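Within every chain, numbering begins at 1; the chains are lettered A, B, ... in the order of the sequence lines, protein sequences first and strands thereafter. Small disclaimer: the values here were computed from a predicted structure and weren't measured. Heavy-atom basis, side chains included; hydrogens, waters and symmetry copies ignored.
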Amino acid sequence: MKTLEKFDSLEIEERIIKWWETEKTYDLIKKAEPKAKNKKFFYLDGPPYTTGNVHLGTAWNKILKDMIIKYKRMRGFRVVDTPGYDTHGLPIEVLIEKKLGIKNKKEILDQNGIGIEKFIKECREFSLSQIEPMNEQFKRLGCNFWNWDNPYITLKNTYIQGVWWTIKKAWENGYLYQGFRPMNCCPRCGTALAKHEFEYYDIQDTAIFVKFRSVEDPKTFYVIWTTTPWTLVSNTNIMANPDIEYVKMRVKDETWIMGIASTADLLQNKLGLTLKAEDGFEYGERIPGSKLEGKKYIHPLADEIPYQAELEGEEPKVHSILMSREYVQESGGSGLVHSAPGHGPEDFEVGLANGIPIFSPVEMDGCYNSQAGKIFEGKYVHEVNREIMDMLIEKGTLIHEENIQHEYAHCWRCKTKLVYRATKQWFFKVTALRNEMLKANEEILWIPKRAGFTNFKSWLNSLQDWCISRQRLWGIPLSIWVCDDEDCGDIDVIGSMNELKEKAGECPEDLHIPVIDQVTWKCSKCNKGTMRRVPDLADVWLDSGSVMWASQQFVDGHEHYDTWEPADFILEGKDQIRGWFNSLLSSAMLSSKRKNYNACFMHGWVHSHGMKMSKSIGNAVLPEDLIEGKVEILTEKQKENMRKIATLASISKFDKTKKTDTKKKVRKAAKKKFIKDDKRWSNIKGIETFRFYCVGNVPPGRDFNFDYKEYTDTFKVLNTLWNTYLFAQEKMNLNKFDAKKHKFVYEELSLVDKWILSKTYSLIEELTKLYDVYELPSIPNRLQDYILNDLSRWYITIIRDRVDVNAEDEEKFTTLAVLRHILYKLCLMMAPLNPMISEEIYQKMFKDEMISKSKASIHLEKWPKVVKKYIDESIESQMHEARQIIDEVRSLKSENKIKLRWPTKSLSLLPTEESKELEFIDLIEDMCNVKEVLIVEEKPDKGKIIETELPLYKIYLDIKDSKKLQQERILADLLRTIQFLRKQNKLQTGEEINLKIASKHPFLLGTLKDTKIRIIEKVTANPMEITNLQIEKEDGWIFHDFHVCTNGKCFAMIREKAAKKIFEGIEGKCSYCSKSITQDTVGTIQIKFKRV
RNA sequence: GGGCGGUUAGCUUAGCCUGGUUGAGCGCGGCGCUGAUAACGCCGAGGCCGGGGGAUCGAAGCCCCCACUGCCCA
C-alpha cells in the first residue's frame, strides 16, 4: 500500500485519466456489461453544438448526465452512452462566413462568390474538426466511459437518412403540408425563422397615428395606430372590434372615427386640442363597432402603389373594415388596427377568414419588390419608415408621431431586426397532434414536476404548426421532390437512401447541397416533368428531434426506425422546453404517434456571482479556469461594480436610438475601478470540486449561481474526505492492520461502531432512492452532511485514541475493520459523482486486499447494497441525544474557563420523564473528559456543582478540585506543549526522543514523577530523565520553559507571551483563577529534548 | 398583454409540496481543541422570512392583491 499524500486534486485527476486510457478501462467496462434485454438503460444525449468550446453550462450539463450514466452502470445496467454532436445550422454558417470574410448569403451564391461547394466543404470540415477537441474537453471533466470514439454526428448520411424518415412518415401520416404565411424572416441570414429562433429585445421605435380617408365622404377619416409604418405599403384592411364603442369626432372641419376610449388621450394629451374650442374637437355620434363592418376607405399611399388598386379589383373586401374580437383592443392605439395580412400573423388570420389576398411585396433580403411600386422598390423596410412618414405628412394624413419603447423580434444568432413577410414554407401539422402530445406529456416523469406540468404543458397549449423549411445552406436537405411541370406538381417525399436510389437510379455519396440537387428523375405521374428537390433545408431542430432513430446506427449498428424504444432518461436545460424536448416529442408523435422519452430532468442557466455570465462584464468562468485554479476571486465591491455594468450593458445593447455616450463613460469608469484592485485567483485546482459543487448547489429547474465562496466551501468537503482516508491509512499501516485477517462481527461491535455502520447504510438507502427518482442535487448535500458531521467531526474524533498505535486494546482492529468497511462503501457512493478521486482512493486502499472482489477499476464495481440489519434507528437517535449532552457539557466547561483537556470530577444526568435509557455513557465520559458519569434522580448535594439543561436531561457538572485532578491538569498542558514542540520541529509521529524535564517546584516535580510513565508513552520518550536541577543548554537540543500559575492550587498553564511579560517584570493575570501573577507565583518546568 | 420562477442574517442559501418555536456555510467578534493540522470545535452578535390583506386556534409555508427581479410566451 503506497502512502497517500496531501490532497492534490489536479495531479490525481491528470494521472487517473491517463491511467484509464493506458489500462483501457472503458473496454473493460463495456466487456463486463450485462447482455440481457431488460438490463438496458437507454440514456439519450442531447447533442451540443460543434462550435468548439465547452462552456461552464455545457460542463454542468454533461456532469449531471455523467453521474446518471455511472450510477446506472453500477446498478448493473447496460447503459447506452453514445454522445452526440449537432453539426448543422446557422451558428456554423456564421462562423465560416466570418472566417471567409463574407457578409451574407448573396456573396456565397454570386457568380463571382466563393461558391456553394467550397462553403459547404468549409462548414463540414470545421464541424468535424471540433469534435475531437470537444471530446477531450468532456473527458477532462471526468465524463469518461462514454462512447466518445463513435458519437452520433448529424452530418453523416445515416443520420440524415433518419431525418428523411421523419419527413416521410409525417407525409404518409398526412402531417406535412406546404403553406403560404407570414413568417419572421432574418434579412441578413436570408431565411425564415421558427419561433424558437428569435428573441425579443426592447427597442426605441416610432409609433404613428394616421387617418385613412373614407370612400363615402372625403371629410371623414378612420384613425389607425401602428408602430411599423413600413407595413402601410401592404395595408389591405382596417380591423375593428364589434364590441367596442366608436365615435365620430368632429375635429376642426373633419370627422375622425376612432374608439371612444382613445379619444381623450390622442386629442387632448397628444395633439393638445381643447374640447369645444373653435379649433378644438367635439364628440359626435357614437357607433357600435359592428356597424363599421365593410366600410370602405382609400389607401393612404394609393397613388404610390399601383398594385393596391389591382388587389381591390381582385377582392372587393380589400380596403374595407373587418371585424376582430380577438386582435383589436380598446386600450392603446386608436381602437382601429391597420391590417397587412402579409406582415403579421393576426392580420393574416383575419385576412384569410375574409378571403383577402395576401399581399407581401417584400423579398427575403428585407427589400420591397416591384409590387410595392417604383418609389419603394429595392428599399430596405427598416430604413423606409421616415420616408413614409414624410410622405404622409405631405398628404396631411399623419396625425401624430411619438417615440415608444417596445419589444421587437430579433434573430437569435445575428441579432438583426426581423421582418414579417409571407413566404411559402413546409410545415408539420403538429397542431393536429396537440391533444395527444398533452396526454403523452402527462406520462413523462419530469424533474422538477413543474417543468412538465406547467412549462412544457403551456408550451404545448400554444403550439403552432412547425415550419420545418429553412432557406439556408448548411443543413439537412428536405427530402421533398416536386414535379416541375406546372400542371402536374406532383410531390414525392423520400425516406431513405435506398428509396432515392430506386426512384432516381442513383444516390450521391454526400447528401448535402449542392450535390443532392443534381439528383432528379422523370415524373412518373405526368411522364412529362422532372422531379426536382425543393431548395429548402430542414430546420436544425428536426435534426435533433429525429435523434431517436437517426442515431440508432451509432448506438448498436442497426436500423431501428419503426421499432425504436423510448429513452429512459434525458437531461437538458430549460431552453429545451421549446427546443429539443419539443422537437423530440413532436417528431415521435408525427412519425409514430407515441412518446420517446420516459423521464426528463430540466436544469437552468449558469450565472456567475449573481449575474449572467459574460466575457465583457468579466465574470465569465470557464472549465479550464477551474482546472488551472484561475477563477478570479471577486470582492463585494467588484461584484457591485459588475452589477452596474451588467445593467448598463443590458440597457444599451439593443438600444441604438438612445445616446449611449454617458453610459459608456460610466461603464469605463466602473471597469477601471475594479481592474485596479489586485486580481486574486483561486488556488483550488482540478475539476472534482466543481463536480461536487455544481450538482449539489442547485435545485432542479433553477439557475446555477456560481459563487466563489461556495465553491471554496465545497473544496473543504473533498479535502476532509481525503484527510479521512489519509488518517485511516496511516492508522492501518501503523497498526499493521490486515484486511484479510481482521474482520468484524456485527453483534460484537461497540455501540459507536454500530452507529457509524447504521449511518452509512442509511446513507446508501437514501442515495439509492434519490438516484432512482433523479433527485440529483440532493445527493452531494447528503454526502456532505455524512462526510463532515458523521464521519469526520464525530466518528473519527471518537475513535482517534482507540486506534492509536500504542492503544493496547485488541478491539482497535475491529474498529479499523469497521472504518475500512464504511470508507469502502463511501468510496463506491462517491464514484459516480467524483470518479477520479474515488478511483485514486480505491486503487490505493481497497484494490490490493480485496482479492475476491478486486476489480481493475472502481467503475467496474457495483453500487453498494442496503443491509437492513445494519440500520438501527434507535442507535442513531441515542447518539443524537448523547451528542447533544456532550455539546452542552463542553460549552458548560468552556463558559467556566475549564479547558476540555482538564478532567473534571463527575457529571450527573437527571432524566426527565420522556427520556429513554441512555446509551453511550462511556462516550460521554470520554468526550467530556469527566471522571465518571452518573444517572441520578435528584440534584447532587455535594461537590461544586455547575448546571444546565436539555429538553430530556438536567445536567450537573461537579468541578470540585483534588490533588489528582490538579496533577492531571498539569500533565495535560505539559503533554500538549511537548507535542506542539515536536511538531514544530518536524518530528514524525512515533519517532523517539531523548527527553529531560526539570522543576524546582516541589508539587510540579512530584507530578512529573507520578506521571512519568504516561509522559513516556504519549510523547514516545526514550530515555527520559526527571531532575530538580537547572537544565543546561546544549547544541542540537530543543529547549522550552513551561510555566504554570501557582496561586492557590490553580496550576493552569501560562501562555508563552504572558510568561515573557511577567519575567520582564510586568504583572499578569491568570486566565483560569484570575489572580495576579508575578515571578514569585510562577512555577516552571524546564523541557529539553532531541531526536534519538 | 399573458404565464412561470425568485425575494429568508452583510454574502450564498436550506426549509415551502404535506402549516405547529426560521437551519446552515462564509464573513465578523470572542474562546477553545489539536499528531487528520494550511484542518477543526464551541459561544456570541446579526432575520418585522419583500409589502399588504384573507381563511385558520396557529403562516416563511395555503389563498388573493401589490412591489421589485429574472426568464418564457405574444
Side-chain angles (χ1 to χ4, degrees), chain A residues 4 6-7 195-196 198-200 327 329 331-332 344-346 406-407 409 448-451 453-459 461-464 574-575 577-578 604-605 607 609-612 634-636 639-640 647 650 683 696-699 701-703 705-714 716-717 719-731 734 777-778 781 784-785 788-789 791-794 796-797 800-801 803-805 886-895 897-902 927 929 972 975-976 978-980 982-984 986-991 1018-1020 1071:
Chain A
L4 298 169
K6 208 187 113 187
F7 182 46
K195 62 185 207 171
H196 38 257
F198 42 88
E199 293 171 350
Y200 286 87
Y327 302 122
Q329 264 122 40
S331 59
E346 294 91 357
H406 69 150
E407 288 189 317
K449 280 199 176 93
R450 75 173 156 78
F453 300 147
T454 311
N455 304 19
F456 196 48
K457 191 175 167 182
S458 85
W459 166 265
N461 275 324
S462 68
L463 203 62
Q464 287 179 21
K574 63 186 184 188
D575 47 335
I577 287 285
R578 61 176 183 165
W605 312 119
H607 294 247
H609 300 94
M611 291 157 283
K612 243 184 182 175
L634 302 173
T635 62
E636 288 307 312
K639 284 188 208 169
E640 200 46 53
T647 317
S650 71
N683 55 358
N697 279 44
V698 203
R702 290 254 286 268
D703 292 341
N705 182 25
F706 180 91
D707 189 86
Y708 181 73
K709 275 185 189 163
E710 300 260 295
Y711 178 60
T712 315
D713 287 350
T714 312
K716 285 182 184 167
V717 179
N719 194 37
T720 305
L721 176 78
W722 185 261
N723 283 337
T724 306
Y725 281 100
L726 216 60
F727 170 82
Q729 196 183 43
E730 189 185 294
K731 294 302 171 195
L734 290 173
S778 306
N781 297 352
Q784 173 168 344
D785 190 42
L788 295 183
N789 287 327
L791 186 57
S792 168
R793 286 173 196 167
W794 205 237
I796 297 286
T797 316
R800 203 183 304 175
D801 288 338
V803 297
D804 194 84
V805 207
I886 292 164
D887 285 345
E888 205 58 33
V889 174
R890 281 179 167 186
S891 89
L892 192 62
K893 281 180 99 165
S894 171
E895 275 165 35
K897 293 181 178 167
I898 302 165
K899 289 181 181 172
L900 183 57
R901 62 172 176 260
W902 298 350
M927 301 299 280
N929 200 5
L975 287 175
R976 197 210 151 216
I978 299 173
Q979 295 289 46
F980 187 75
R982 281 184 60 122
K983 200 166 116 191
Q984 246 183 352
K986 293 182 180 158
L987 273 104
Q988 295 294 311
T989 316
E991 200 175 336
K1018 194 80 185 175
V1019 305
T1020 53
S1071 61

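For A/F7 and B/A38, the CZ to P distance is 15 Å, given to the nearest whole Å. Following rounding to the nearest Å, A/K709 (NZ) and B/U13 (P) show an atom-to-atom distance of 12 Å. In this structure, A/H607 atom NE2 and B/G5 atom C1' are separated by 11 Å, rounded to whole Å. To the nearest angstrom, P of B/C26 lies 10 Å from CD of A/Q784. Taking atom CG of A/N461 as the reference point, atom P of B/G2 lies 18 Å away to the nearest angstrom. The CG-P distance, from A/D575 to B/G5, rounds to 18 Å in whole Å. Between A/K449 atom NZ and B/G5 atom P there is a gap of 14 Å when expressed in whole angstrom units. For the pair A/D785 CG and B/G15 P, the interatomic distance rounds to 14 Å; values are reported in whole Å.
If you check B/C16 for Watson-Crick or wobble pairing at under 3.5 angstrom, you find it has no partner at all. With a 3.5 Å ceiling on both atom-pair distances, B/G35 lacks any Watson-Crick or G-U wobble partner. The partner of B/U56 cannot be assigned: no Watson-Crick or G-U wobble pair with both contacts below 3.5 Å exists in any strand. Across all strands shown, B/G27 forms no Watson-Crick or G-U wobble pair with both distances under 3.5 Å. Nucleotide B/U22 forms no Watson-Crick or G-U wobble pair with any nucleotide shown, as no partner meets the under 3.5 Å limit on both distances. With a cut-off of 3.5 Å on both Watson-Crick or G-U wobble distances, the partner of B/C49 is given as none. Within the shown strands, B/G70 is the pairing partner of B/C4 under the Watson-Crick or G-U definition, both distances less than 3.5 Å.
Between A/R450 and A/R976, the residue anchored nearer the 5' end of RNA chain B, judged by the nucleotide with its closest heavy atom, is A/R450. RNA chain B is contacted by both A/T724 and A/D707; A/D707 maps to the nucleotide lying nearer its 5′ end (nearest heavy atom per residue).
A/R982 and A/V1019 make their closest contact through NH1-O, 2.5 Å (heavy atoms, listed as atom of the first residue, atom of the second, distance). When all heavy atoms of A/T720 and A/K716 are compared, the closest pair comes out as OG1-O, 2.6 Å. For the residue pair A/N781 and A/G696, the shortest heavy atom distance occurs at OD1-O, 3.2 Å. Contact record, A/S792 with A/I796: O-CB, 3.6 Å, taken as the closest heavy-atom pair.
Of all nucleotides listed (B/G6, B/G35, B/G25), B/G6 comes nearest to the side chain of A/R702. The side chain of A/N705 lies closest to B/U13, out of B/A36, B/U13, B/G10. Listed nucleotides B/C4, B/U12, B/G35 differ in distance to A/E710; the shortest reach to its side chain belongs to B/U12. Side-chain proximity of A/E730 to the nucleotides B/C4, B/U12, B/G35 is greatest for B/G35. Each of B/C71, B/C4, B/U13 was ranked by its minimum atom distance to the side chain of A/K574; first place goes to B/C71. For A/N455, counting side-chain heavy atoms from C-beta on, the closest listed nucleotide (B/C4, B/G10, B/C71) is B/C4.
Look at the P atom in both B/C64 and B/A55: the space between them is 15 Å, to the nearest Å. Using atom C1' as the reference point in both B/C31 and B/U22, the two lie 27 Å apart (nearest Å). Distance check on atom P: B/G20 versus B/G32 gives 40 Å, rounded to whole Å. Taking the C1' atom of each, B/G52 and B/G44 are spaced 35 Å apart, rounded to whole Å. Of the C1' atoms belonging to B/C72 and B/A14, the separation is 27 Å, rounded to the nearest Å. Spacing of P atoms, B/C63 relative to B/C11, comes out at 28 Å, to the nearest Å. Taking atom P in both B/G53 and B/A59, the straight-line distance is 13 Å, to the nearest Å. Nucleotides B/C66 and B/U21 have their C1' atoms positioned 30 Å apart, rounded to a whole Å.
A/D703 contributes no side-chain N or O that, together with a main-chain N or O of A/G604, makes up a donor-acceptor pair within less than 3.5 Å. Between the side chain of A/S458 and the backbone N or O of A/N455 there is at least one donor-acceptor pair closer than 3.5 Å.
A/T797 is listed as a side-chain neighbour of A/M927, based on a closest heavy-atom distance under 4.5 Å. Side-chain contact between A/V889 and A/I886 is absent, with no heavy atoms from C-beta onward closer than 4.5 Å. Annotation: side chain of A/F456 is in contact with side chain of A/W459 (closest heavy-atom distance under 4.5 Å).
Heavy atoms from other residues, nucleotides or ligands lying under 6.0 Å from CZ of A/F980 number 12 at most.
Among the heavy atoms of the strands lying under 4.0 Å from A/P699 are primed sugar atoms or P, OP1, OP2 only; no base atom is included.
Distances shorter than 4.0 Å separate none of the side-chain N or O atoms of A/N781 from OP1 or OP2 on B/A14.
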Pull out every protein N or O sitting under 3.5 Å from an N or O of nucleotides 39-41 of chain B, one pair per line with the distance.
unit_1	atom_1	unit_2	atom_2	d
B/C40	O3'	A/R793	NE	3.4
B/G41	OP1	A/R793	NE	2.5
B/G41	OP1	A/R793	NH1	3.0
B/G41	OP1	A/R793	NH2	3.0

